[in-house]
There are 4 protein chains.
Amino acid sequence: MSLNPALRASISADLDQAIADYKHFHRTPELSMQETNTAAEIASRLRALGLETHTFGGTGVVAVIENGDGPVIGYRADIDGLPITEDTGFDYASTAEGTLPDGTTTKVMHGCGHDTHITVGLYLAKHLVTHRDLWSGTVVMIFQPGEETGQGARAMLDDGLWDQIVRPDVIFGQHVWPVAAGDLHVSSGTAMAMSDCLRVTVKGKQAHGSQPENAIDPIVLGAYMITRLQSVVSREISGRDMSVVTVGTFHGGLKENIIPDSAEFKLNIRTFTEDVREVVLDRVRRIIFAEALASGAPEPEIEEMYRFPRCFNDPEETESFLTQMEAELGAEQVHLVEPSTGSEDVGAFGDDIGVPYVYWFFGGYSPAKFEGGVTPPGNHSPFFAPDDVETTLETGIRAALSAVLSKVGKDRA
Amino acid sequence: MSLNPALRASISADLDQAIADYKHFHRTPELSMQETNTAAEIASRLRALGLETHTFGGTGVVAVIENGDGPVIGYRADIDGLPITEDTGFDYASTAEGTLPDGTTTKVMHGCGHDTHITVGLYLAKHLVTHRDLWSGTVVMIFQPGEETGQGARAMLDDGLWDQIVRPDVIFGQHVWPVAAGDLHVSSGTAMAMSDCLRVTVKGKQAHGSQPENAIDPIVLGAYMITRLQSVVSREISGRDMSVVTVGTFHGGLKENIIPDSAEFKLNIRTFTEDVREVVLDRVRRIIFAEALASGAPEPEIEEMYRFPRCFNDPEETESFLTQMEAELGAEQVHLVEPSTGSEDVGAFGDDIGVPYVYWFFGGYSPAKFEGGVTPPGNHSPFFAPDDVETTLETGIRAALSAVLSKVGKDRA
Amino acid sequence: MSLNPALRASISADLDQAIADYKHFHRTPELSMQETNTAAEIASRLRALGLETHTFGGTGVVAVIENGDGPVIGYRADIDGLPITEDTGFDYASTAEGTLPDGTTTKVMHGCGHDTHITVGLYLAKHLVTHRDLWSGTVVMIFQPGEETGQGARAMLDDGLWDQIVRPDVIFGQHVWPVAAGDLHVSSGTAMAMSDCLRVTVKGKQAHGSQPENAIDPIVLGAYMITRLQSVVSREISGRDMSVVTVGTFHGGLKENIIPDSAEFKLNIRTFTEDVREVVLDRVRRIIFAEALASGAPEPEIEEMYRFPRCFNDPEETESFLTQMEAELGAEQVHLVEPSTGSEDVGAFGDDIGVPYVYWFFGGYSPAKFEGGVTPPGNHSPFFAPDDVETTLETGIRAALSAVLSKVGKDRA
Amino acid sequence: MSLNPALRASISADLDQAIADYKHFHRTPELSMQETNTAAEIASRLRALGLETHTFGGTGVVAVIENGDGPVIGYRADIDGLPITEDTGFDYASTAEGTLPDGTTTKVMHGCGHDTHITVGLYLAKHLVTHRDLWSGTVVMIFQPGEETGQGARAMLDDGLWDQIVRPDVIFGQHVWPVAAGDLHVSSGTAMAMSDCLRVTVKGKQAHGSQPENAIDPIVLGAYMITRLQSVVSREISGRDMSVVTVGTFHGGLKENIIPDSAEFKLNIRTFTEDVREVVLDRVRRIIFAEALASGAPEPEIEEMYRFPRCFNDPEETESFLTQMEAELGAEQVHLVEPSTGSEDVGAFGDDIGVPYVYWFFGGYSPAKFEGGVTPPGNHSPFFAPDDVETTLETGIRAALSAVLSKVGKDRA
């Protein structure tokens with residue numbers, strides 16, 4: 001069942017303003033768990049709609065739209081930016097700066113497109129509030145901080161979210177993605193990968209660079225660890241099972257002629273199943289400890305930084321969602337796809353209370369960007385940003401409204 | 001021929017003050033080429049001796065002690081500290097801070113003992129000035145900045161040192177070393193290693209950490225480079241030829257789930273001969289470029305950061321020096337040793353103008369520190385500092401005076 | 001539709017003899033493309049059934065069972081053994097020997113279970129011949145040599161198989177597998193991996209082991225190649241795409257104190273899609289050539305040894321096969337599974353002439369072997385052989401007959 | 001003191017025959033400890049001189065030339081060939097074959113020049129026997145088998161050599177070397193390296209090549225071990241200390257699509273001092289065991305294959321030798337050089353009974369071979385053989401006679 005013409009008209013009427021709002025958020029990204037201004041602005045706009053706002057997890061914002069009897073639906077949008085120097089060339093490109101937890105100053109960019117998520121979430125709320133006649137029930141709007149660091153959902157939940165806010169019957173959420181604007185992609189069952197982050201402190205022994213025989217060289221040791229870790233995916237896991245082990249950072253040494261006494265690297269691990277995850281984690285630890293032994297080095301420290309939980313779309317709800325989206329957008333715009341190797345903490349909102357959820361992707365690039373088999377820049381690239389903002393936002397808003405109204409819309413079957 | 005008793009008495013009388021001065025310099029180290037306060041203090045003390053001071057290379061200080069006819073002797077002391085956090089536990093340990101060229105703030109320590117060099121140099125000058133009756137000739141005192149970075153000698157030379165200052169017939173210099181206080185160690189011919197520093201920028205292609213297939217991973221590439229570089233020393237150079245290839249720093253990546261677009265490491269290379277040096281440099285470059293090819297990566301950048309020149313003690317002058325020191329300190333205190341793998345830019349002062357030089361090491365630790373075959377902390381260790389400051393400084397001053405006076409002393413043969 | 005009771009009775013009646021025949025073939029394996037005795041025995045038994053036999057590709061045997069009008073069905077069984085020393089402990093274990101193409105003598109074992117394939121194929125032929133009343137059409141029995149080396153199907157095709165023998169409408173084949181005896185496993189679409197074998201000759205320069213500086217060490221170079229090749233699967237291919245790169249052999253050097261002038265290794269590559277295959281092959285070549293550059297070595301030689309083609313079960317025929325097998329064996333015995341990473345050249349028989357095919361797996365171990373989550377030895381293990389030979393062979397014969405008769409059986413719908 | 005003119009004349013007169021004998025031995029090399037024919041021929045020729053021969057260690061031959069009162073001098077020549085396919089192109093090149101201990105058939109070559117050693121030894125004996133008037137004392141001629149494998153000296157000693165044969169006061173020996181024919185090279189003190197050989201059995205777990213997740217891959221493990229071992233020389237040993245770690249053989253796997261259950265490699269280690277040797281052996285073991293841990297593999301086996309002892313030229317005897325050779329050959333032909341990284345078991349003959357020895361190198365190539373800085377093929381190369389056989393042998397014979405007569409010659413000082 002497609003959206004009521006009145007809603008379609010409202011979406012169209014507000015689209016120029018939505019684009020302007022998007023560009024504003026694009027210009028002003030903030031780093032994970034530091035989204036103070038972003039959260040304040042979201043809360044301010046929600047209050048302007050007459051809604052009461054609640055804060056969870058520091059910079060998480062929640063508003064409950066009550067509208068009579070009916071199901072309770074959750075909708076989640078994440079709001080944080082990334083330490084990336086934007087290189088899109090757009091006139092609304094970000095020049096914002098931020099400070100990482102280790103004190104490093106960095107440029108900040110909405111390099112994962114959460115600015116579209118904020119915008120879509122705010123217009124979802126607006127259209128629901130201004131068309132209360134078309135639906136009946138309750139919608140919980142969740143604006144989550146710190147998705148990039150895997151902290152935000154956990155922080156909101158640990159701050160008592162579901163103790164204080166009405167629990168939904170189903171939760172929806174979506175992510176802008178490097179597929180054609182106007183399209184939706186969704187998986188049934190496993191939708192995104194689990195993600196684990198480990199911080200490894202490689203310990204050695206300092207000496208002058210001309211005297212390696214008096215040192216235990218943590219940079220050479222780290223290099224052997226990293227080359228050895230390649231064998232986890234290549235040799236320890238079946239070619240048919242998804243696993244990715246990425247060393248995203250490596251830092252050691254201040255001076256070229258001093259062998260430092262330690263180095264540090266951070267690992268990110270992606271898997272689809274708990275079994276594979278356990279094997280990968282075991283092999284990673286085994287290799288790191290054994291390589292330290294090979295160097296006669298002190299035992300390295302391995303610290304678990306975070307774990308992104310599973311993102312498992314309820315198959316039944318996904319089927320219902322697919323039907324609804326095909327009705328709203330046309331069957332050729334809606335694609336049932338293989339799971340993504342990316343990770344998300346959206347699943348925690350549902351899994352914590354045993355509530356089903358559906359999380360999908362909406363396209364961010366005009367079809368011309370894919371001509372000749374080209375793949376446009378993906379999320380976390382300094383070039384990642386929708387080129388067809390209008391279609392991107394319109395599709396996101398239609399999808400969100402349509403999913404929510406499939407549950408609480410008055411004229412639904 | 002040993003030192004005149006009047007000089008020995010002066011050395012003893014001033015020793016307590018010399019120790020106090022040493023501790024002052026130890027507390028106030030400055031990073032290479034930033035030795036503003038140190039240079040100012042040295043100049044001030046030289047002027048207090050009635051000497052005119054000259055500045056070369058920014059923070060280099062030169063004073064010429066003229067004292068009638070006779071040979072011209074150069075004496076060089078280096079004055080810079082290191083970005084090391086001192087861990088000696090001494091009550092005069094440094095808590096100074098400095099800012100590296102890349103903007104990083106760091107603790108600074110006289111972790112290479114240049115504070116003893118400054119002190120010895122100042123007292124050499126003082127004793128020469130106050131005992132003009134005992135010698136005839138000219139002594140050029142050179143207080144050099146930036147030895148640790150290989151910049152200082154070059155900077156002073158490029159600033160016109162030997163165009164403006166009288167050229168010596170021979171140059172002396174010495175370094176405190178983890179051998180027994182009271183002892184001197186010296187090599188004939190090659191005395192220290194050549195040292196080259198390269199900065200390597202490993203170029204890749206950024207992508208999300210879950211999608212290595214869309215990235216060219218500069219951290220994995222860097223790790224393969226570093227493990228491959230081990231084969232230069234192990235396979236490309238004869239076991240009988242000295243070569244050391246140290247990767248002292250490796251830095252790449254800001255976030256564990258973003259594969260960065262580049263990483264950087266710095267290499268330090270030590271060799272004794274020009275032939276071996278050329279082979280090592282060639283193989284290092286070959287490996288770095290080939291490993292980039294193996295990754296399908298853009299060509300890496302290799303920047304030559306500095307080159308420490310040879311330090312080649314003139315054999316004839318070394319023989320004469322040995323004879324002199326055995327007379328002054330006793331034969332059992334003076335050791336003819338194999339060359340050190342460490343590097344120095346002192347040689348540039350002589351090699352630039354074809355003047356012979358002798359560079360030796362004087363001990364910094366009481367004999368008890370070596371009991372049971374133990375080796376005390378070496379230069380550039382956070383624990384490196386003389387424990388028997390008195391013997392260390394006294395020996396350094398006696399050796400310096402004795403070497404200089406072996407050339408310009410009035411009662412010499 | 002399940003098998004006619006008369007056929008079921010014949011299968012049961014012959015089963016003891018089939019087991020005895022199986023053990024005979026198990027005791028007498030021959031290496032790939034050298035199956036002279038095996039082929040002679042197969043041909044002799046087929047002729048004993050009154051069939052004419054044809055030879056293709058040296059040791060391939062074909063017989064056509066003509067039985068009136070109707071479809072033409074192909075059935076393929078492979079017949080070669082492996083250079084493995086059997087370690088099953090069975091009293092009918094092989095002690096056979098063979099000579100590899102390089103002249104090495106080796107023990108030979110039916111370590112991939114082709115002995116069950118021969119036996120099942122011969123009894124399929126026998127039951128078809130002795131029950132001509134129950135079917136109408138033509139069945140082409142193909143006993144293929146050299147499957148293990150990927151040579152056999154190609155050799156038979158190049159020898160004019162489909163020019164001289166009637167072309168089938170559909171082809172069937174099956175493989176014994178480490179799953180429960182009595183069960184069938186089948187995939188729709190991609191059923192097994194493509195497989196490429198490369199032989200790499202690493203070229204170096206010989207020298208005495210004490211003088212690596214005069215050598216180009218092909219063993220160290222090969223080791224760097226192999227560790228570097230781990231990054232193909234770990235970094236160049238998406239975690240969601242199947243790829244396996246195995247170095248199955250590495251041989252270099254005669255004497256520990258002579259650095260040899262070359263070494264050789266063989267690679268086996270498994271992929272499911274042509275796109276991934278091309279990327280893997282490109283990256284493997286790139287790494288091998290670049291690592292040789294890193295060593296300053298002569299260009300290595302890469303020889304393509306063989307390529308196993310795709311094994312792509314026709315989806316429509318697979319659906320029909322599943323229905324038939326569920327009727328014959330019971331739905332709980334028949335499993336639609338993910339593709340195997342193993343490889344097969346059976347697909348070439350169909351793909352060469354555009355004929356659909358279905359290739360499935362039948363179980364070889366009693367269920368007790370899987371208790372407690374244990375996985376029994378897989379194909380190519382020295383321990384691989386059915387423990388419940390009776391159920392294994394009976395199921396294989398029933399599945400073969402049932403698949404063939406689903407097309408040419410008289411009482412079919 | 002140079003050789004008596006009568007001796008010089010004899011040497012010249014016999015030179016053509018010596019060259020013919022050399023070519024005979026060159027054509028008929030035998031592998032280590034299998035020198036049956038070679039030993040028989042040597043013994044036969046010694047008996048033809050009227051000497052009694054003794055056998056030690058299977059194929060070792062000893063003859064004592066007694067000639068009145070005076071010192072007892074030992075002279076040792078080694079006699080075994082190598083498993084190398086000769087590629088010199090000489091018309092007297094070897095085409096001999098032999099069988100290695102593992103059963104492999106191989107071509108055999110005097111690729112280390114022991115054929116010159118045999119020839120020189122036989123003519124030394126002949127000239128001593130035919131010129132008994134010119135000397136007084138005893139000379140013990142030792143023709144040693146199995147030098148290449150480090151077995152021969154030990155075998156002769158363990159067979160009671162010094163229990164049954166008169167013990168020398170000093171022992172001489174020499175080796176043909178890729179330096180100019182006519183020249184001698186000798187070191188004082190450490191003359192050649194110690195050499196250790198280890199055989200490493202890497203244990204894994206066999207599986208099909210498409211299923212690395214079920215295997216423990218001993219080839220990948222071995223490759224990581226070998227790349228990791230590069231760090232022993234590059235990081236664990238001072239750049240000033242000689243160490244060489246060569247993996248001369250690596251063998252694993254029969255078939256590219258079977259991951260084997262084990263692989264084997266052999267290491268050769270060269271060091272000059274016992275301290276460095278201990279560190280290298282410790283680090284090699286540490287790395288091999290730790291890498292197995294990193295793979296979750298069974299503990300590898302490390303077997304000590306042999307150890308070549310030190311070769312330490314007595315400094316006093318070396319000084320005396322230098323003086324003698326300069327008198328005989330001219331000072332410009334005699335070179336005091338750095339120790340060689342090659343190894344020898346000659347030292348055991350002296351060290352076992354505390355007797356001093358001098359071991360030197362005599363040139364094997366005409367000076368033209370070194371023009372333009374070219375280095376001709378070294379020992380163990382398939383191209384290694386003297387091109388100027390006449391000068392090579394004449395110099396070897398003169399050096400041997402001169403060294404021996406410097407001790408027992410009648411007209412010596």
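First the proteins, then the strands, lettered A, B, ... as listed; each starts at 1.
- For P382(D) against Q206(C), the heavy-atom pair with the smallest separation is CD-NE2, 3.2 Å.
- Only the side chain of Y306(D) comes within contact range of chain C, with heavy atoms under 4.5 Å apart.
- There is no contact between L229(C) and chain D, counting heavy-atom distances below 4.5 Å.
- Here the NE2-OG distance, from H208(D) to S340(C), works out to 8.0 Å after rounding to the nearest 0.5 Å.
- Heavy-atom distances place both the backbone and the side chain of L254(C) under 4.5 Å from chain D.
- Only the side chain of L100(D) comes within less than 4.5 Å of a heavy atom of chain C; its backbone N, CA, C and O stay farther away.
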- Query: F250(D) and V220(C): side chain to side chain contact (heavy atoms under 4.5 Å, CB included), yes or no, with the steps?
  - Reply: CA-CA 10 Å; F250(D) 186 102; V220(C) 166; over 6 Å; no
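- Between H251(C) and H251(D), the ring planes are tilted. Angles from 30° to 60° get that label.
- Of the atoms belonging to S381(D), it is backbone heavy atoms, and not side-chain ones, that fall under 4.5 Å from chain C.
- The greatest number of non-hydrogen atom pairs below 4.5 Å with chain C, out of I269(D), I226(D), V245(D), is found for I226(D).
- If you take CG on D217(D) and CD on Q230(C), they are separated by 7.0 Å, rounding to the nearest 0.5 Å.
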- Residues T246(D), E256(C); criterion side chain to side chain contact (heavy atoms under 4.5 Å, CB included); working and verdict: CA-CA 7 Å; T246(D) 286; E256(C) 77 294 337; over 6 Å; no
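- Contact annotation for P212(D): only side-chain heavy atoms (C-beta onward) come within less than 4.5 Å of a heavy atom of chain C.
- By number of non-hydrogen pairs under 4.5 angstrom with chain C, the leading residue of R270(D), M305(D), K266(D) is R270(D).
- Note that NE2 of H380(C) is 6.5 Å distant from NZ of K255(D), once rounded to the nearest 0.5 Å.
- Of the residues considered (T249(C), N268(C), T104(C)), T249(C) shows the highest number of contacts with chain D, using heavy-atom pairs under 4.5 Å.
- The minimum heavy-atom distance linking E148(C) with N257(D) is given by the pair O-ND2, 4.0 Å.
- Residue E303(C) places its CD atom among more than 12 non-hydrogen atoms of other residues, nucleotides or ligands, all under 6.0 Å distant.
- Heavy atoms closer than 4.5 Å to chain C are found in both the backbone and the side chain of I258(D).
- In plain terms, the two heavy atoms of G248(C) and I219(D) that are nearest each other are O-CD1, 3.2 Å.
- Across all non-hydrogen atoms, the minimal contact from V244(D) to S210(C) is CG2-O, 3.9 Å.
- Options G222(C), A193(C), G378(C), C197(C) differ in how many heavy-atom pairs under 4.5 Å they form with chain D, and the most are formed by C197(C).
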